[in-house]
Number of protein chains: 2
Amino acid sequence: MSTSVDLVYEQVRQMAANFEFKPAERINESELSKQLGASRTPLREAMNRLTAEGLLVFEPGRGFFCQPLTPELVVHLYEVREALETAAIRAAVERAGDDDIAAIRQFLSDTAERYADGTPTKEIVRLDEEFHLMIAGLSGNPELVNMIKLTYERIRYVRWIAMRERIDITHSAHLHIFEALENRDAQAAEDRMRTHIKTHNAEATEIVGKAYSNLYVPQH
Amino acid sequence: MSTSVDLVYEQVRQMAANFEFKPAERINESELSKQLGASRTPLREAMNRLTAEGLLVFEPGRGFFCQPLTPELVVHLYEVREALETAAIRAAVERAGDDDIAAIRQFLSDTAERYADGTPTKEIVRLDEEFHLMIAGLSGNPELVNMIKLTYERIRYVRWIAMRERIDITHSAHLHIFEALENRDAQAAEDRMRTHIKTHNAEATEIVGKAYSNLYVPQH
DNA sequence: CCCGGACAAGCTGTATACAATTCCGCATCC
DNA sequence: GGATGCGGAATTGTATACAGCTTGTCCGGG
(Lines give C-alpha, C1' and ligand atoms only; values in the text may rest on other atoms or scores of the structure.)
Protein backbone atom coordinates (compact mmCIF):
# COMPACT_ATOMS: atom_id res chain seq x y z
CA MET A 1 0.00 0.00 0.00
CA SER A 2 1.02 3.60 -0.20
CA THR A 3 3.74 4.71 2.13
CA SER A 4 2.31 8.06 3.15
CA VAL A 5 2.56 7.35 6.84
CA ASP A 6 6.15 6.17 6.56
CA LEU A 7 7.03 9.29 4.64
CA VAL A 8 5.54 11.45 7.34
CA TYR A 9 7.25 9.32 9.94
CA GLU A 10 10.68 9.79 8.40
CA GLN A 11 10.21 13.51 8.00
CA VAL A 12 9.05 14.09 11.54
CA ARG A 13 11.79 11.79 12.80
CA GLN A 14 14.41 13.91 11.13
CA MET A 15 12.80 17.11 12.32
CA ALA A 16 12.81 15.80 15.86
CA ALA A 17 16.41 14.58 15.71
CA ASN A 18 17.46 17.96 14.30
CA PHE A 19 15.56 19.78 17.04
CA GLU A 20 13.59 21.79 14.53
CA PHE A 21 10.82 21.98 17.08
CA LYS A 22 11.10 24.45 19.89
CA PRO A 23 11.38 22.65 23.20
CA ALA A 24 8.71 23.26 25.78
CA GLU A 25 6.25 24.24 23.07
CA ARG A 26 3.57 21.91 21.91
CA ILE A 27 3.70 20.73 18.36
CA ASN A 28 0.63 21.94 16.53
CA GLU A 29 -0.80 18.92 14.77
CA SER A 30 -3.03 20.70 12.28
CA GLU A 31 -0.29 23.05 11.22
CA LEU A 32 2.37 20.37 10.89
CA SER A 33 0.02 18.05 9.02
CA LYS A 34 -0.73 20.78 6.49
CA GLN A 35 2.95 21.50 6.16
CA LEU A 36 3.68 17.83 5.47
CA GLY A 37 0.74 17.41 3.13
CA ALA A 38 -1.06 14.75 5.11
CA SER A 39 -3.90 14.66 7.58
CA ARG A 40 -3.65 14.49 11.33
CA THR A 41 -4.26 10.76 11.56
CA PRO A 42 -1.03 9.49 9.99
CA LEU A 43 0.88 12.33 11.62
CA ARG A 44 -0.33 11.29 15.05
CA GLU A 45 0.58 7.68 14.32
CA ALA A 46 4.08 8.74 13.43
CA MET A 47 4.38 10.91 16.51
CA ASN A 48 3.21 8.07 18.71
CA ARG A 49 6.03 5.92 17.41
CA LEU A 50 8.53 8.69 17.95
CA THR A 51 7.25 9.11 21.47
CA ALA A 52 7.91 5.46 22.18
CA GLU A 53 11.38 5.91 20.75
CA GLY A 54 12.06 8.80 23.09
CA LEU A 55 12.38 11.49 20.44
CA LEU A 56 9.16 13.18 21.44
CA VAL A 57 7.32 13.55 24.71
CA PHE A 58 3.58 13.15 25.02
CA GLU A 59 1.32 14.70 27.65
CA PRO A 60 -2.29 13.53 27.60
CA GLY A 61 -4.63 16.34 26.78
CA ARG A 62 -1.80 18.67 25.86
CA GLY A 63 -0.15 17.04 22.90
CA PHE A 64 3.35 16.21 21.67
CA PHE A 65 6.55 18.06 22.51
CA CYS A 66 10.16 17.85 21.48
CA GLN A 67 12.19 15.94 24.03
CA PRO A 68 13.76 18.40 26.46
CA LEU A 69 17.50 18.54 26.08
CA THR A 70 19.15 18.75 29.47
CA PRO A 71 22.66 17.99 30.67
CA GLU A 72 21.23 15.12 32.73
CA LEU A 73 19.65 13.53 29.69
CA VAL A 74 22.91 13.74 27.80
CA VAL A 75 24.80 12.09 30.63
CA HIS A 76 22.22 9.33 30.84
CA LEU A 77 22.15 8.63 27.14
CA TYR A 78 25.94 8.52 26.94
CA GLU A 79 25.95 6.04 29.80
CA VAL A 80 23.53 3.91 27.84
CA ARG A 81 25.77 4.18 24.79
CA GLU A 82 28.71 3.10 26.89
CA ALA A 83 26.88 0.05 28.19
CA LEU A 84 25.61 -1.01 24.78
CA GLU A 85 28.70 -0.31 22.73
CA THR A 86 31.19 -1.93 25.08
CA ALA A 87 29.03 -5.04 25.05
CA ALA A 88 28.78 -4.84 21.28
CA ILE A 89 32.50 -4.59 20.65
CA ARG A 90 33.17 -7.42 23.07
CA ALA A 91 30.80 -9.60 21.06
CA ALA A 92 32.32 -8.31 17.83
CA VAL A 93 35.80 -9.44 18.87
CA GLU A 94 34.45 -12.93 19.38
CA ARG A 95 32.21 -13.20 16.37
CA ALA A 96 33.51 -11.00 13.58
CA GLY A 97 34.93 -12.67 10.51
CA ASP A 98 38.28 -11.60 9.12
CA ASP A 99 36.55 -10.18 6.09
CA ASP A 100 34.31 -8.03 8.28
CA ILE A 101 37.35 -6.61 9.98
CA ALA A 102 39.02 -5.97 6.64
CA ALA A 103 35.94 -4.03 5.56
CA ILE A 104 36.23 -1.74 8.55
CA ARG A 105 39.92 -1.15 7.90
CA GLN A 106 38.97 -0.26 4.35
CA PHE A 107 36.32 2.12 5.59
CA LEU A 108 38.76 3.82 7.94
CA SER A 109 41.38 4.37 5.27
CA ASP A 110 38.77 5.46 2.72
CA THR A 111 37.43 8.13 5.01
CA ALA A 112 40.68 9.19 6.67
CA GLU A 113 41.21 12.34 4.64
CA ARG A 114 37.68 13.57 5.31
CA TYR A 115 38.40 14.05 9.00
CA ALA A 116 39.80 17.47 8.25
CA ASP A 117 38.91 20.98 9.26
CA GLY A 118 37.05 21.78 6.08
CA THR A 119 34.52 18.99 6.40
CA PRO A 120 31.12 20.00 7.78
CA THR A 121 30.53 18.88 11.34
CA LYS A 122 27.39 17.01 10.41
CA GLU A 123 29.34 14.96 7.91
CA ILE A 124 31.92 14.07 10.55
CA VAL A 125 29.21 12.94 12.93
CA ARG A 126 27.69 10.85 10.18
CA LEU A 127 31.02 9.13 9.54
CA ASP A 128 31.52 8.65 13.24
CA GLU A 129 28.13 7.01 13.63
CA GLU A 130 28.74 4.82 10.63
CA PHE A 131 32.00 3.53 12.08
CA HIS A 132 30.42 2.76 15.44
CA LEU A 133 27.44 1.09 13.82
CA MET A 134 29.70 -1.06 11.66
CA ILE A 135 31.35 -2.37 14.80
CA ALA A 136 28.04 -2.82 16.55
CA GLY A 137 26.78 -4.75 13.55
CA LEU A 138 29.58 -7.27 13.98
CA SER A 139 28.06 -8.26 17.31
CA GLY A 140 25.46 -10.09 15.25
CA ASN A 141 22.79 -8.73 17.56
CA PRO A 142 20.23 -6.59 15.74
CA GLU A 143 18.46 -5.61 18.98
CA LEU A 144 21.68 -4.15 20.29
CA VAL A 145 22.21 -2.29 17.03
CA ASN A 146 18.70 -0.86 17.09
CA MET A 147 19.06 0.49 20.59
CA ILE A 148 22.40 2.07 19.73
CA LYS A 149 20.87 3.69 16.66
CA LEU A 150 18.04 5.11 18.70
CA THR A 151 20.42 6.49 21.27
CA TYR A 152 22.39 8.19 18.52
CA GLU A 153 19.33 9.94 17.21
CA ARG A 154 18.52 11.34 20.59
CA ILE A 155 21.94 12.92 21.08
CA ARG A 156 22.87 13.70 17.51
CA TYR A 157 21.97 17.33 17.88
CA VAL A 158 24.36 17.74 20.77
CA ARG A 159 27.07 15.95 18.89
CA TRP A 160 26.82 18.37 15.99
CA ILE A 161 27.85 21.06 18.41
CA ALA A 162 30.28 19.06 20.50
CA MET A 163 32.11 17.59 17.52
CA ARG A 164 33.40 20.94 16.32
CA GLU A 165 36.47 20.85 18.49
CA ARG A 166 37.19 17.16 18.20
CA ILE A 167 37.43 16.53 14.50
CA ASP A 168 41.16 15.89 14.40
CA ILE A 169 41.42 13.31 17.13
CA THR A 170 38.26 11.34 16.30
CA HIS A 171 39.86 9.40 13.52
CA SER A 172 42.92 8.39 15.51
CA ALA A 173 40.71 7.31 18.39
CA HIS A 174 38.73 5.13 16.02
CA LEU A 175 41.91 3.63 14.65
CA HIS A 176 43.02 2.87 18.17
CA ILE A 177 39.79 1.07 18.95
CA PHE A 178 39.85 -0.76 15.68
CA GLU A 179 43.35 -2.10 16.23
CA ALA A 180 42.28 -3.78 19.44
CA LEU A 181 39.45 -5.41 17.51
CA GLU A 182 41.82 -6.45 14.77
CA ASN A 183 44.12 -8.03 17.35
CA ARG A 184 41.14 -9.82 18.84
CA ASP A 185 41.89 -8.26 22.19
CA ALA A 186 38.47 -8.04 23.81
CA GLN A 187 39.62 -6.33 26.98
CA ALA A 188 41.56 -3.62 25.19
CA ALA A 189 38.75 -3.07 22.71
CA GLU A 190 36.21 -2.69 25.46
CA ASP A 191 38.44 -0.39 27.49
CA ARG A 192 39.24 1.84 24.56
CA MET A 193 35.62 2.05 23.52
CA ARG A 194 34.63 2.94 27.07
CA THR A 195 37.28 5.64 27.34
CA HIS A 196 36.28 7.02 23.95
CA ILE A 197 32.63 7.34 24.88
CA LYS A 198 33.36 8.66 28.35
CA THR A 199 35.46 11.42 26.82
CA HIS A 200 32.69 12.42 24.46
CA ASN A 201 30.19 12.25 27.30
CA ALA A 202 32.18 14.71 29.38
CA GLU A 203 32.59 17.11 26.50
CA ALA A 204 29.00 16.94 25.31
CA THR A 205 27.64 17.38 28.78
CA GLU A 206 29.86 20.36 29.42
CA ILE A 207 28.74 21.99 26.20
CA VAL A 208 25.07 21.42 26.89
CA GLY A 209 25.54 22.77 30.38
CA LYS A 210 27.20 25.90 29.07
CA ALA A 211 24.87 26.42 26.16
CA TYR A 212 21.77 25.42 28.07
CA SER A 213 20.13 28.80 27.76
CA ASN A 214 21.30 29.43 24.22
CA LEU A 215 19.97 26.11 22.97
CA TYR A 216 16.54 27.08 24.11
CA VAL A 217 16.45 30.42 22.42
CA PRO A 218 13.56 30.37 19.95
CA GLN A 219 14.88 29.33 16.54
CA HIS A 220 12.22 30.76 14.23
CA MET B 1 -8.69 14.81 29.28
CA SER B 2 -10.02 11.27 29.28
CA THR B 3 -7.48 8.52 29.25
CA SER B 4 -9.17 6.15 26.85
CA VAL B 5 -6.12 5.77 24.67
CA ASP B 6 -3.87 5.04 27.62
CA LEU B 7 -6.31 2.42 28.83
CA VAL B 8 -6.29 0.76 25.44
CA TYR B 9 -2.53 1.09 25.34
CA GLU B 10 -2.05 -0.65 28.67
CA GLN B 11 -4.44 -3.43 27.75
CA VAL B 12 -2.87 -4.14 24.40
CA ARG B 13 0.56 -3.89 25.96
CA GLN B 14 -0.31 -6.59 28.43
CA MET B 15 -1.91 -8.74 25.75
CA ALA B 16 1.22 -8.43 23.64
CA ALA B 17 3.57 -9.19 26.53
CA ASN B 18 1.43 -12.21 27.43
CA PHE B 19 1.46 -13.41 23.85
CA GLU B 20 -2.29 -13.54 23.70
CA PHE B 21 -2.03 -12.89 19.98
CA LYS B 22 -1.17 -15.73 17.69
CA PRO B 23 2.18 -15.14 16.05
CA ALA B 24 2.28 -14.90 12.30
CA GLU B 25 -1.36 -13.85 12.22
CA ARG B 26 -2.40 -10.30 11.71
CA ILE B 27 -4.20 -8.57 14.54
CA ASN B 28 -7.68 -7.64 13.37
CA GLU B 29 -8.15 -4.01 14.26
CA SER B 30 -11.93 -3.83 14.03
CA GLU B 31 -12.40 -6.93 16.09
CA LEU B 32 -9.91 -5.94 18.79
CA SER B 33 -11.26 -2.40 18.99
CA LYS B 34 -14.77 -3.73 19.56
CA GLN B 35 -13.45 -6.09 22.17
CA LEU B 36 -11.72 -3.24 23.99
CA GLY B 37 -14.67 -0.90 23.65
CA ALA B 38 -12.88 1.79 21.68
CA SER B 39 -12.60 2.74 18.05
CA ARG B 40 -9.79 1.90 15.70
CA THR B 41 -8.08 5.27 15.97
CA PRO B 42 -6.82 5.05 19.57
CA LEU B 43 -6.14 1.36 19.09
CA ARG B 44 -3.87 2.08 16.15
CA GLU B 45 -2.10 4.79 18.10
CA ALA B 46 -1.43 2.34 20.90
CA MET B 47 -0.22 -0.31 18.48
CA ASN B 48 2.12 2.16 16.83
CA ARG B 49 3.74 2.84 20.16
CA LEU B 50 4.03 -0.84 20.90
CA THR B 51 5.62 -1.36 17.50
CA ALA B 52 8.27 1.21 18.32
CA GLU B 53 8.84 -0.58 21.61
CA GLY B 54 9.37 -3.87 19.84
CA LEU B 55 6.36 -5.67 21.23
CA LEU B 56 4.54 -5.70 17.92
CA VAL B 57 5.66 -5.80 14.31
CA PHE B 58 4.10 -3.68 11.61
CA GLU B 59 3.96 -4.45 7.89
CA PRO B 60 2.59 -1.65 5.70
CA GLY B 61 -0.62 -2.64 4.02
CA ARG B 62 -0.92 -5.81 6.06
CA GLY B 63 -1.25 -4.64 9.62
CA PHE B 64 0.16 -5.39 13.04
CA PHE B 65 1.50 -8.71 14.27
CA CYS B 66 2.77 -10.11 17.51
CA GLN B 67 6.56 -10.09 17.64
CA PRO B 68 7.84 -13.49 16.51
CA LEU B 69 9.40 -15.41 19.37
CA THR B 70 12.52 -17.18 18.21
CA PRO B 71 15.52 -18.58 20.06
CA GLU B 72 17.66 -15.96 18.34
CA LEU B 73 15.52 -13.11 19.64
CA VAL B 74 15.73 -14.49 23.16
CA VAL B 75 19.52 -14.70 22.97
CA HIS B 76 19.73 -11.17 21.66
CA LEU B 77 17.44 -9.69 24.26
CA TYR B 78 19.26 -11.43 27.08
CA GLU B 79 22.51 -10.03 25.75
CA VAL B 80 20.98 -6.58 25.86
CA ARG B 81 19.83 -7.22 29.41
CA GLU B 82 23.33 -8.27 30.34
CA ALA B 83 24.86 -5.12 28.88
CA LEU B 84 22.34 -2.81 30.53
CA GLU B 85 22.11 -4.44 33.92
CA THR B 86 25.82 -4.87 34.46
CA ALA B 87 26.25 -1.19 33.70
CA ALA B 88 23.38 -0.36 36.01
CA ILE B 89 24.70 -2.27 38.99
CA ARG B 90 28.14 -0.82 38.50
CA ALA B 91 26.61 2.65 38.69
CA ALA B 92 24.47 1.57 41.62
CA VAL B 93 27.51 0.55 43.63
CA GLU B 94 28.93 4.02 43.16
CA ARG B 95 25.82 6.06 43.66
CA ALA B 96 23.42 4.23 45.95
CA GLY B 97 22.82 5.64 49.37
CA ASP B 98 23.00 3.40 52.42
CA ASP B 99 19.27 3.77 52.91
CA ASP B 100 18.60 2.60 49.36
CA ILE B 101 20.63 -0.51 50.03
CA ALA B 102 18.79 -1.10 53.28
CA ALA B 103 15.51 -0.92 51.39
CA ILE B 104 16.62 -3.69 49.06
CA ARG B 105 17.74 -5.86 51.95
CA GLN B 106 14.31 -5.31 53.46
CA PHE B 107 12.65 -6.26 50.20
CA LEU B 108 14.69 -9.44 49.96
CA SER B 109 13.86 -10.59 53.46
CA ASP B 110 10.21 -9.60 53.06
CA THR B 111 9.81 -11.70 49.97
CA ALA B 112 12.09 -14.59 50.90
CA GLU B 113 9.34 -17.00 51.90
CA ARG B 114 7.44 -16.43 48.66
CA TYR B 115 10.16 -18.05 46.60
CA ALA B 116 8.63 -21.43 47.29
CA ASP B 117 7.16 -24.16 45.18
CA GLY B 118 3.57 -23.18 45.81
CA THR B 119 3.90 -19.64 44.46
CA PRO B 120 2.67 -19.12 40.91
CA THR B 121 5.43 -18.73 38.37
CA LYS B 122 4.12 -15.38 37.19
CA GLU B 123 4.38 -14.07 40.74
CA ILE B 124 7.98 -15.21 41.00
CA VAL B 125 8.85 -13.49 37.75
CA ARG B 126 7.19 -10.34 39.02
CA LEU B 127 9.28 -10.41 42.20
CA ASP B 128 12.37 -11.12 40.17
CA GLU B 129 11.76 -8.16 37.90
CA GLU B 130 11.04 -5.93 40.85
CA PHE B 131 14.35 -6.82 42.48
CA HIS B 132 16.30 -6.18 39.30
CA LEU B 133 14.49 -2.91 38.67
CA MET B 134 15.19 -1.72 42.20
CA ILE B 135 18.88 -2.19 41.59
CA ALA B 136 18.67 -0.58 38.17
CA GLY B 137 16.87 2.35 39.75
CA LEU B 138 19.86 2.97 42.03
CA SER B 139 21.92 3.77 38.97
CA GLY B 140 20.09 7.08 38.94
CA ASN B 141 19.67 6.74 35.18
CA PRO B 142 16.03 6.63 34.10
CA GLU B 143 16.93 5.95 30.46
CA LEU B 144 18.75 2.81 31.50
CA VAL B 145 15.80 1.75 33.63
CA ASN B 146 13.36 2.30 30.78
CA MET B 147 15.33 0.18 28.39
CA ILE B 148 15.62 -2.60 30.94
CA LYS B 149 11.88 -2.49 31.55
CA LEU B 150 11.18 -2.73 27.86
CA THR B 151 13.50 -5.67 27.48
CA TYR B 152 11.72 -7.43 30.31
CA GLU B 153 8.39 -7.08 28.64
CA ARG B 154 9.64 -8.63 25.47
CA ILE B 155 10.94 -11.75 27.17
CA ARG B 156 8.49 -12.05 30.04
CA TYR B 157 6.50 -14.72 28.31
CA VAL B 158 9.54 -16.92 27.97
CA ARG B 159 10.47 -16.33 31.55
CA TRP B 160 7.11 -17.56 32.75
CA ILE B 161 7.98 -20.88 31.23
CA ALA B 162 11.68 -20.91 32.02
CA MET B 163 11.23 -19.90 35.64
CA ARG B 164 9.36 -23.06 36.57
CA GLU B 165 12.50 -25.00 37.28
CA ARG B 166 14.49 -22.20 38.84
CA ILE B 167 12.30 -20.93 41.65
CA ASP B 168 14.43 -22.24 44.51
CA ILE B 169 17.78 -20.84 43.45
CA THR B 170 16.58 -17.46 42.25
CA HIS B 171 16.40 -15.96 45.69
CA SER B 172 19.84 -17.11 46.74
CA ALA B 173 21.30 -15.76 43.50
CA HIS B 174 19.72 -12.42 44.20
CA LEU B 175 21.11 -12.41 47.72
CA HIS B 176 24.53 -13.16 46.33
CA ILE B 177 24.33 -10.23 43.94
CA PHE B 178 22.99 -7.97 46.61
CA GLU B 179 25.80 -8.73 49.01
CA ALA B 180 28.37 -7.54 46.51
CA LEU B 181 26.39 -4.32 46.16
CA GLU B 182 26.17 -3.97 49.92
CA ASN B 183 29.95 -4.42 50.19
CA ARG B 184 30.40 -1.78 47.50
CA ASP B 185 32.35 -4.25 45.42
CA ALA B 186 31.65 -3.11 41.88
CA GLN B 187 33.62 -5.84 40.17
CA ALA B 188 31.99 -8.66 42.11
CA ALA B 189 28.55 -7.15 41.66
CA GLU B 190 29.02 -6.85 37.93
CA ASP B 191 30.43 -10.35 37.62
CA ARG B 192 27.65 -11.93 39.62
CA MET B 193 24.98 -10.06 37.71
CA ARG B 194 26.54 -11.13 34.44
CA THR B 195 26.72 -14.76 35.48
CA HIS B 196 23.15 -14.63 36.74
CA ILE B 197 21.79 -13.30 33.46
CA LYS B 198 23.94 -15.58 31.33
CA THR B 199 22.55 -18.58 33.20
CA HIS B 200 19.00 -17.49 32.59
CA ASN B 201 19.82 -16.76 28.97
CA ALA B 202 21.07 -20.29 28.40
CA GLU B 203 18.02 -21.82 30.05
CA ALA B 204 15.48 -19.63 28.36
CA THR B 205 17.02 -20.12 24.97
CA GLU B 206 17.09 -23.86 25.40
CA ILE B 207 13.44 -23.91 26.38
CA VAL B 208 12.37 -21.77 23.48
CA GLY B 209 14.39 -23.94 21.16
CA LYS B 210 12.73 -27.08 22.45
CA ALA B 211 9.25 -25.65 22.61
CA TYR B 212 9.58 -23.74 19.37
CA SER B 213 6.90 -25.71 17.58
CA ASN B 214 4.60 -25.95 20.58
CA LEU B 215 4.69 -22.23 21.20
CA TYR B 216 3.43 -21.64 17.72
CA VAL B 217 0.57 -24.06 17.87
CA PRO B 218 -2.62 -22.07 17.33
CA GLN B 219 -4.00 -21.13 20.74
CA HIS B 220 -7.67 -20.55 19.93
C1' DC C 1 -2.08 47.05 41.21
C1' DC C 2 -2.84 42.26 41.64
C1' DC C 3 -5.65 38.27 41.75
C1' DG C 4 -9.49 35.27 40.27
C1' DG C 5 -13.14 33.61 37.52
C1' DA C 6 -15.71 33.18 33.31
C1' DC C 7 -15.91 33.21 28.51
C1' DA C 8 -14.16 32.28 23.86
C1' DA C 9 -10.99 30.42 20.71
C1' DG C 10 -8.09 26.84 19.59
C1' DC C 11 -6.44 22.41 20.07
C1' DT C 12 -6.53 17.61 21.08
C1' DG C 13 -9.11 12.94 21.48
C1' DT C 14 -12.07 9.84 19.27
C1' DA C 15 -15.49 8.08 16.13
C1' DT C 16 -16.84 7.25 11.68
C1' DA C 17 -16.86 7.15 6.65
C1' DC C 18 -14.83 6.02 2.51
C1' DA C 19 -11.04 4.83 -0.66
C1' DA C 20 -7.36 1.70 -1.67
C1' DT C 21 -5.36 -2.54 -1.03
C1' DT C 22 -4.90 -7.23 0.32
C1' DC C 23 -6.66 -11.78 0.82
C1' DC C 24 -9.08 -15.92 -0.31
C1' DG C 25 -11.85 -18.97 -2.96
C1' DC C 26 -12.93 -20.52 -7.44
C1' DA C 27 -12.70 -21.28 -12.04
C1' DT C 28 -9.72 -21.77 -15.92
C1' DC C 29 -5.85 -23.07 -18.54
C1' DC C 30 -1.55 -25.44 -19.41
C1' DG D 1 -2.61 -31.98 -10.96
C1' DG D 2 -0.60 -27.65 -10.28
C1' DA D 3 -0.15 -22.98 -11.55
C1' DT D 4 -2.48 -18.73 -12.86
C1' DG D 5 -5.76 -15.12 -13.06
C1' DC D 6 -9.99 -13.04 -11.55
C1' DG D 7 -13.58 -11.10 -8.52
C1' DG D 8 -15.82 -10.27 -4.25
C1' DA D 9 -15.32 -9.82 0.66
C1' DA D 10 -12.71 -8.29 4.27
C1' DT D 11 -9.22 -5.27 6.08
C1' DT D 12 -6.20 -1.53 6.29
C1' DG D 13 -4.96 3.64 5.29
C1' DT D 14 -6.49 8.25 5.52
C1' DA D 15 -9.57 12.16 5.80
C1' DT D 16 -12.88 14.52 8.20
C1' DA D 17 -16.28 15.76 11.67
C1' DC D 18 -17.38 16.71 16.20
C1' DA D 19 -17.08 16.55 21.26
C1' DG D 20 -14.42 17.78 25.24
C1' DC D 21 -10.55 19.75 27.25
C1' DT D 22 -6.96 23.40 27.72
C1' DT D 23 -5.40 27.85 27.48
C1' DG D 24 -5.24 32.64 27.13
C1' DT D 25 -7.77 36.93 27.56
C1' DC D 26 -10.66 40.10 29.50
C1' DC D 27 -13.32 41.95 32.94
C1' DG D 28 -14.58 42.67 37.69
C1' DG D 29 -13.51 42.63 42.54
C1' DG D 30 -10.43 43.12 46.41
Side-chain angles (χ1 to χ4, degrees), chain A residues 1-16 19-68 216 218-220, chain B residues 1-16 19-68 216 218-220:
Chain A
M1 195 175 277
S2 84
T3 54
S4 161
V5 65
D6 290 316
L7 213 66
V8 170
Y9 173 69
E10 278 307 326
Q11 289 185 73
V12 180
R13 186 192 189 88
Q14 289 224 347
M15 292 175 78
F19 277 79
E20 291 178 20
F21 304 114
K22 309 175 206 167
E25 179 172 318
R26 92 167 76 179
I27 299 173
N28 189 318
E29 297 175 8
S30 313
E31 198 177 320
L32 185 56
S33 69
K34 261 183 222 159
Q35 187 180 329
L36 297 177
S39 91
R40 280 177 58 217
T41 310
L43 172 61
R44 279 179 65 94
E45 299 204 354
M47 294 204 294
N48 269 291
R49 283 199 227 174
L50 294 168
T51 298
E53 292 173 0
L55 284 163
L56 298 181
V57 176
F58 172 73
E59 291 182 37
R62 304 200 55 230
F64 295 89
F65 300 78
C66 194
Q67 73 167 342
Y216 279 175
Q219 308 164 344
H220 53 142
Chain B
M1 193 175 278
S2 82
T3 55
S4 161
V5 64
D6 290 317
L7 213 65
V8 170
Y9 172 69
E10 278 306 325
Q11 290 186 72
V12 180
R13 186 191 188 88
Q14 289 223 347
M15 293 176 77
F19 277 80
E20 290 178 20
F21 304 114
K22 309 175 207 169
E25 179 171 319
R26 94 167 74 181
I27 298 173
N28 190 317
E29 296 175 8
S30 313
E31 198 177 321
L32 185 57
S33 70
K34 261 183 222 159
Q35 187 182 327
L36 298 178
S39 90
R40 281 177 56 217
T41 310
L43 173 61
R44 280 179 65 94
E45 297 204 356
M47 294 204 294
N48 269 292
R49 282 198 228 173
L50 294 168
T51 298
E53 292 173 0
L55 284 163
L56 298 181
V57 177
F58 172 73
E59 292 181 37
R62 304 200 55 229
F64 295 88
F65 300 78
C66 193
Q67 74 168 340
Y216 279 175
Q219 307 165 341
H220 54 134

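Given the structure is predicted, the values throughout are model-derived calculations rather than measurements. In the text below, chain A, chain B and the rest are named by the order of the sequence lines, each starting its count at 1.
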Starting at CD of B:Glu29, measure out to OG1 of B:Thr41 and round the result to the nearest 0.5 Å.
9.5 Å
Using whole Å, report how far CG of B:Leu43 lies from P of C:dA15.
10 Å
Taking only the side-chain heavy atoms of B:Phe58 (C-beta and beyond), determine which of C:dT16, C:dG13, D:dG13 contains the nearest atom.
D:dG13
Value in whole Å for how far the P atom of C:dT21 lies from CG of A:Asp6
15 Å
Rounded to whole Å, the CD-P distance (B:Glu25 to D:dA10) equals 16 Å
Starting at NZ of A:Lys34 and ending at P of D:dT16, how long is that distance when rounded to a whole Å?
11 Å
Would you indicate whether the side-chain heavy atoms of A:Phe58 and A:Asn48 approach each other to under 4.5 Å?
no
Rounded to whole angstrom units, what separation is found between the CZ atom of B:Arg49 and the C1' atom of C:dG13?
12 Å
Report the nucleotide, chosen from C:dA15, D:dA15, D:dT11, that has the shortest atom-to-atom distance to any side-chain atom of B:Pro42.
C:dA15
Specify the residue among A:Thr41 and B:Gly63 whose closest nucleotide of DNA chain D lies further upstream toward the 5′ end.
B:Gly63
Nearest-nucleotide check on DNA chain D, A:Arg62 vs A:Arg40; residue mapping nearer the 5' end is A:Arg40
Can a donor-acceptor pair be found, under 3.5 Å and without considering hydrogens, that links the side chain of B:Arg44 to the backbone of A:Glu45?
no
Around atom CD of A:Glu59, are there more than 12 heavy atoms from other residues, nucleotides or ligands closer than 6.0 Å?
yes
Of the options C:dT14, D:dT12, C:dC11, whose atoms approach the side-chain atoms of B:Glu29 most closely?
D:dT12
Does C:dC11 have its OP1 or OP2 closer than 4.0 Å to a side-chain nitrogen or oxygen of A:Asn28?
yes
Calculate the interatomic distance between B:Glu59 atom CD and D:dG13 atom C1'; express it in whole Å.
16 Å
Heavy-atom side-chain proximity of A:Leu56 to A:Ile27 below 4.5 angstrom
yes
Picking from D:dT14, C:dG13, D:dT11, which would you name as closest to the side chain of B:Arg26?
D:dT11
Can you check the B:Leu7 CG to C:dG13 P distance for me, whole Å?
15 Å
Base, sugar-phosphate alone, or nothing: which one does B:Ile27 contact when heavy atoms must sit under 4.0 Å apart?
sugar-phosphate
Think A:Ser39 has a side-chain N or O under 4.0 angstrom from the OP1 or OP2 of D:dA15?
yes
Whole angstrom value for the distance that separates P of C:dA15 from CG of B:Leu36
11 Å
